[in-house]
Amino acid sequence: MRLYEKNASELSEMLRAKQCSASELCNDVLDRINEVENEIGAFVTVDAEGAKENAARVDKAIADGEKLHPLAGIPIGIKDNISTKGMRTTCSSRMLENYVPPFDAFVADKVKSAGMTILGKMNMDEFAMGSSTETSYMHLTRNPHNTECVPGGSSGGSAAAVAAGEAVVTLGSDTGGSIRQPAALCGVVGMKPTYGSVSRYGLVAFASSLDQIGPMGRSVKDVAMVQSLICGHDPMDATSKNMEYPDYAAGLNENVQGLRIGIPKEYFGNGIDDSVKSAVMEAVKQYESNGAVIKEISLPSTEYAINTYYIIASAEASSNLARFDGVKYGYRAKDYTNLIDMYEKTRSEGFGDEVKRRIMLGTFVLSSGYFDAYYKKAKIVQKNISQEFSNAFEQCDIIATPTVPASAFKIGENIGDPIKMYYNDVCTVTVNIAGLPAISLPCGKDGKGMPMGLQLIGDKFTEQKLLNAAYAYEKMCGGFDTLAKITGEAK
Ligand code: GLN
């Protein structure tokens, strides 16, 4: 077995027991990237040199007997909308193709201080808008389970790399499902933490009231380890919650005796594949036979979730993306006659179609005459959705749903039909609308041999309970088989 195939928790112990060195581990993952990256396309930037230098530093620290963070020397990939000082951060957009941030995001700083080996930056949908990574200006990312299929999105590079063994763990961001949906389609574990538990400082903003950074990995423990590292109060983010954050990995517990699991009937209706419904219900049965109590619940506003999400997210995006004007940083059009012409050409040439669609939609729903009809209504529905979740959490500890209505679709299948593409987020957006934590776990494969996802949703700041429930399912399954055998005709 090669080193790249192992989980972060195992590798952490091996490094400490001197069964391998951080440099050996780093080189093995870099070799793996060389072997499969042409086929997968998970990275925008690979920093082999920086990774090797860090690994050498960790090896020296180990030899000197220094006390290291458990994640020191573990190779990680970072989504390309998270600012990394001195390393290109493109958001997979022409607008930021050559942008090198002069500062580190809060989470990048945490990753560096822990001594993790940063492999590079992961491909994504442009500015995190999309569900397939096809809106990337850079290149396609392919699903390692079938390279003719999308990896999901927008954190498609982060998910594909973990499934293909090109990174041990990665960071993604989730505004409406962008960690959980690609995790489900690539058969790995991905968590969207509670809004406010991970600082957004240095995350290029899409929809600030919904965005949250979170971890992806091949086991629940790995995700818990990374979450423990990146969470915490940050005065640089006004929405960051100041509280004691536990060590989630140390607190993992697989006991589900008496755990109340709610099953919302609205998440099992038309439009959800039968194979996905039965896989999720199979998982629920396993919980029940291990002592959990299953309750049917109702979240009636779910039917408005997609509309609500696309109004709020686009409204915020239209405002956040106003900063890309060709003046301060990023792309600037070559030929223009005056300032307005420069703005227009810069934004027309610098942004792709999906980003333009969101800016136009957002500007529309915020404009006078339409504000009350769309934006204001969406904010009212948001309150209803949050209230329904709060009521549900009075009767249950965890809510179980599918992550995505079906397994990965073919590249090109949905890109021409935005509404069909948006529907992929039908099970994930409510979590962001209500600011809750949720995790996607692999729950078997469908008839096409493609992974499906089980989503567990928790109440605000109950990550430990959520991770424990996830850990229990992983144990019931005898561990997750998260490493893909890379197959597919397309090269
Ligand atoms: N797919 C959703 C969108 O396109 C979610 C994106 C995200 O979570 N960043 O908006």
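Just so you know, ligand 1 is whichever comes first in the structure, and atom 1 is the first atom listed for that ligand.
Residue contacts with ligand 1 include Arg358, since one or more of its heavy atoms lies under 4.0 Å from the ligand. For the pair Ala313 and ligand 1, no heavy-atom separation below 4.0 Å is found.
Listed by number with element, the atoms of ligand 1 under 4.0 Å from a non-hydrogen atom of Tyr310 are 1 (N), 2 (C), 3 (C), 4 (O), 10 (O). Near Ser154, the atoms of ligand 1 lying under 4.0 angstrom from a non-hydrogen atom of the residue are 9 (N). Of all the atoms in ligand 1, the ones that sit under 4.0 Å from a non-hydrogen atom of Phe206 are 9 (N), 10 (O). Within the listing of ligand 1, atoms 2 (C), 3 (C), 5 (C), 6 (C), 10 (O) sit less than 4.0 angstrom from a heavy atom of Tyr309. Residue contact check: Asp174 has heavy atoms under 4.0 Å from atoms 8 (O) of ligand 1.
For Tyr267, the OH atom counts as densely surrounded, since its 6.0 Å shell holds more than 12 non-hydrogen atoms of other residues, nucleotides or ligands.
Taking all atoms of both residues into account, the shortest heavy-atom contact from Val198 to Asp237 is O-OD2, 4.3 Å.
In this model, a donor atom of one side chain and an acceptor atom of the other lie less than 3.5 Å apart for Tyr195 and Arg200.
Screening Gln212, Gln181, Arg180 against Asp174 for a side-chain hydrogen bond (donor to acceptor under 3.5 Å, both in side chains) leaves a single residue, Arg180.
The main-chain N or O of Ile433 is found under 3.5 Å from a side-chain atom of Gln382 such that the two form a donor-acceptor pair. Side-chain atoms of Thr346 come within 3.5 Å of backbone N or O of Ala333 as a donor-acceptor pair. Using a distance-only test at 3.5 Å, with no hydrogens or angles considered, no donor-acceptor pair links the side chain of Ser83 to the main chain of Phe103.
In terms of polar-atom proximity, defined here as any N/O pair under 3.5 Å, Asp425 does make such a contact with ligand 1. Below 3.5 Å of separation, one finds no N or O of Met129 facing any N or O of ligand 1. For ligand 1, one of its N or O atoms has an N or O atom of Ala128 under 3.5 Å away. Below 3.5 Å of separation, one finds an N or O of Gly176 facing an N or O of ligand 1. Between Ser173 and ligand 1, not a single N/O pair is under 3.5 Å apart.
For Lys465 and Asp397, the salt-bridge test passes: some basic side-chain N is under 4.0 Å from an acidic carboxylate O.
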Just distance, no hydrogens or angles: give the donor-acceptor pairs under 3.5 Å from side chains in residues 362-372, sequence neighbours left out.
residue : atom : partner : partner atom : Å
Thr363  : OG1  : Ile359  : O            : 2.5
Ser367  : OG   : Phe364  : O            : 2.6

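Ranking the protein heavy atoms by distance from atom 9 (N) of ligand 1 puts Ser178 OG, 2.7 Å first.
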